Each structure stands twice: as structure tokens, then as C-alpha cells.
Amino acid sequence: MDRNLLWTRWDNTGTELLNISARANCYVIKSTLLGVIEGEPMRVIYRLCCDAHWHMRELDVYKFVDAGATVESVHLRRAEDGRWHTADGEPLPELDGCLDVDLRATPFTNTLPIRRLGLQPGKSAEINVAYVDFPTLEVSPSRQRYTHFGRIDGVQHYKFESLEVDFEAVLPVDDDGIVLDYPGLFRRIQSA
């Protein structure tokens with residue numbers, strides 16, 4: 001799967017241009033987000049590596065503010081044994097048991113559990129994720145549930161539920177499990 005995707009925010013305050021490259025034993029995702037998040041204009045670049053089964057292995061996020069004068073970053077690694085650490089090797093035991101990452105600023109990270117779980121229609125699963133908040137870049141564990149509704153009008157649909165806060169959304173996805181529309185937040189406008 002080699003894809004280029006473009007999303008825009010529903011309120012027209014930002015866009016995301018994302019590239020997925022399939023390698024011999026992994027997927028590499030590179031993305032640039034431009035926009036305003038909670039009143040703060042910023043540019044965000046992230047790189048995500050997953051193994052062939054869509055298990056998250058590496059995440060690097062760079063947030064540029066003040067016309068690029070300030071750079072904040074997050075670097076997460078997930079080892080084969082499921083333990084998390086920073087790129088410098090500092091352990092992050094609070095994230096143990098988390099299998100995926102969820103970046104608040106993008107609809108793409110919903111693809112990770114959708115692809116990894118491979119849920120049959122009518123089935124659901126609860127998962128733990130490493131949640132990266134924006135604009136703060138704070139990382140914390142979060143519990144979520146995905147339910148596969150099956151095809152509605154020819155398009156696959158999944159229900160996403162946060163089990164930490166009162167938030168849920170029904171997400172139409174393409175046949176690769178990539179979000180087409182995140183109601184009220186993001187909509188995909190281009191795919192190649």
C-alpha cells in the first residue's frame with residue numbers, strides 16, 4: 001500500500017497531507033499538518049512506523065510554533081515485548097499495555113487499530129492507546145473501543161468510543177481502513 005492522502009478540518013482551520021509507504025516488513029507514515037488547534041497556529045510533522053501487522057513501533061512528532069522559531073517534540077518507541085520508551089531509552093511504564101498511538105490532531109491514527117484488529121462486522125474490541133494531546137503534546141494512556149458496523153451504503157463503518165471521556169463518532173473508512181470522514185472534525189478531500 002503506497003498512498004497519498006489529504007484531509008481538511010471541517011471548520012477550514014487546517015489540512016493534513018499524509019504519505020503511507022509499504023516497505024518489506026513495515027509501513028512508514030509521514031505527515032504534515034498545518035492549522036490552528038485551540039487557537040494556536042502551528043505546523044506539525046510526524047513520522048510513524050508500524051510493523052507488517054500494523055503494530056506501532058516508532059513515533060516522532062515535531063510541533064513548530066512562532067513561525068517555526070519554537071520546536072517541541074515527542075519521540076516514542078514500542079519494543080517487541082510491548083514496553084514503551086523514549087528515543088533516548090527512558091522507560092515509559094505508564095504506557096505498558098498500549099498497543100497503538102492516537103494523535104488528537106489527525107484522523108489517520110484511527111487506522112492503526114482498525115487495521116490491526118481486523119474486526120468482523122458486529123464485533124467490537126476495547127484497546128489501550130498512547131494518546132498524544134494537542135497542542136500540549138502530553139502523552140497518556142487512554143482506553144478506547146472500536147465496533148465494526150459493516151458496510152452501510154457500500155462503505156465500511158466503525159464506531160469509535162473513548163472510554164475515558166464522553167466522546168464517540170461513527171467513522172466511514174475506505175477498504176484500507178483509512179478514515180474518509182470524521183464527523184465535525186476532518187474530511188478527506190484527496191486520495192491517490
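If you read the sequence from its start, that first residue is 1, and numbering goes on from there. Bear in mind that the values here come from a model prediction, so they are computed numbers and not experimental data.
Under 3.5 Å, the side chains of Gln156 and Asp175 contain no donor-acceptor pair of N or O atoms.
A parallel orientation is assigned to the rings of Tyr27 and Trp54, their planes being inclined by less than 30° (bins at 30° and 60°).
With hydrogens and angles disregarded, no donor-acceptor distance shorter than 3.5 Å links the side chain of Thr13 to the backbone of Gly35.
Comment: Asp60 engages Arg77 in a salt bridge, judged by a side-chain N to carboxylate O separation of less than 4.0 angstrom.
Listed by chain and residue number, nothing satisfies the salt bridge (Lys or Arg N to Asp or Glu O under 4.0 Å) test with Asp88 (two or more places apart in sequence, or in another chain).
Ring to ring, Tyr146 and Phe160 are close: their centroids are under 6.0 angstrom apart.
Nearest approach of Glu16 to Thr106, heavy atoms of both residues: OE1-OG1, 2.6 Å.
Summarising the geometry, atom CG belonging to Asp181 is positioned 12.0 Å from atom CD1 belonging to Ile189; distances are rounded to the nearest 0.5 Å. How far CD1 of Ile29 is from CG of Leu5: 10.5 Å, rounded to the nearest 0.5 Å. From Trp7, atom CH2 reaches atom CZ of Arg187 across 14.5 Å, with rounding to the nearest 0.5 Å. For the atom pair CG (Asp133) and OG (Ser140), the distance works out to 7.5 Å, reported to the nearest 0.5 Å. To the nearest 0.5 angstrom, Leu103 atom CG is 5.5 Å from Leu59 atom CG.
Annotation: cation-pi geometry satisfied between Arg43 and Phe64 (NZ/CZ under 6.0 angstrom from ring centroid, within 45° of ring axis).
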